[in-house]
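Heads up: numbering here begins at 1 and tracks the sequence.
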Amino acid sequence: MDLKATELEHIKDLLGKNAIVIFSNGQVKCAELPEHGIVEITTHANKVTFVEKKVKEKF
């Protein structure tokens with residue numbers, strides 16, 4: 001998952017895709033979601049501070 005800054009006009013390009021869009025602290029960032037896994041968003045003082053992707057593999 002590659003979280004990138006984007007403009008509001010480009011959000012419509014994500015229609016039909018599995019994606020996440022985050023609005024925080026005057027910024028807009030988006031990314032396509034991974035095929036499997038967990039995406040965790042951490043906030044502090046009403047702002048997003050971390051976005052973490054966790055992928056587990058079953059053996």
T49 (side chain) donor-acceptor with T42 (main chain) under 3.5 angstrom:
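At least one qualifying donor-acceptor pair exists.
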To the nearest 0.5 angstrom, please state how far the [atom1] atom of [X] sits from the [atom2] atom of [Y].
X: I22; Y: L3; atom1: CD1; atom2: CG; result: 5.0 Å
X: I38; Y: E52; atom1: CD1; atom2: CD; result: 9.5 Å
X: T6; Y: L8; atom1: OG1; atom2: CG; result: 8.0 Å
X: L14; Y: L33; atom1: CG; atom2: CG; result: 10.0 Å

Test of understanding: clusters of I, L, V, M, F, W, Y form through side-chain heavy atoms closer than 4.5 Å, transitively. Do M1 and V55 belong to the same one?
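Each belongs to a different hydrophobic cluster.
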K54: salt bridge (charged side-chain N to carboxylate O under 4.0 Å, His left out) partners, not counting sequence neighbours
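Partners of K54 by the salt bridge (charged side-chain N to carboxylate O under 4.0 Å, His left out) criterion, ordered by chain and then number, come out as E40.
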Find out whether P34 and V39 are in side-chain contact, i.e. whether some heavy atom of one side chain is under 4.5 Å from a heavy atom of the other.
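They are in contact (side-chain heavy atoms under 4.5 Å apart), so the answer is yes.
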Below 4.5 Å, heavy atoms only, C-beta onward: do V28 and V21 meet side chain to side chain?
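Counting from C-beta outward, V28 and V21 do come under 4.5 Å.
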Between Q27 and K29, which heavy-atom pair has the shortest distance, and what is it?
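The answer is OE1-CE, 3.1 Å.
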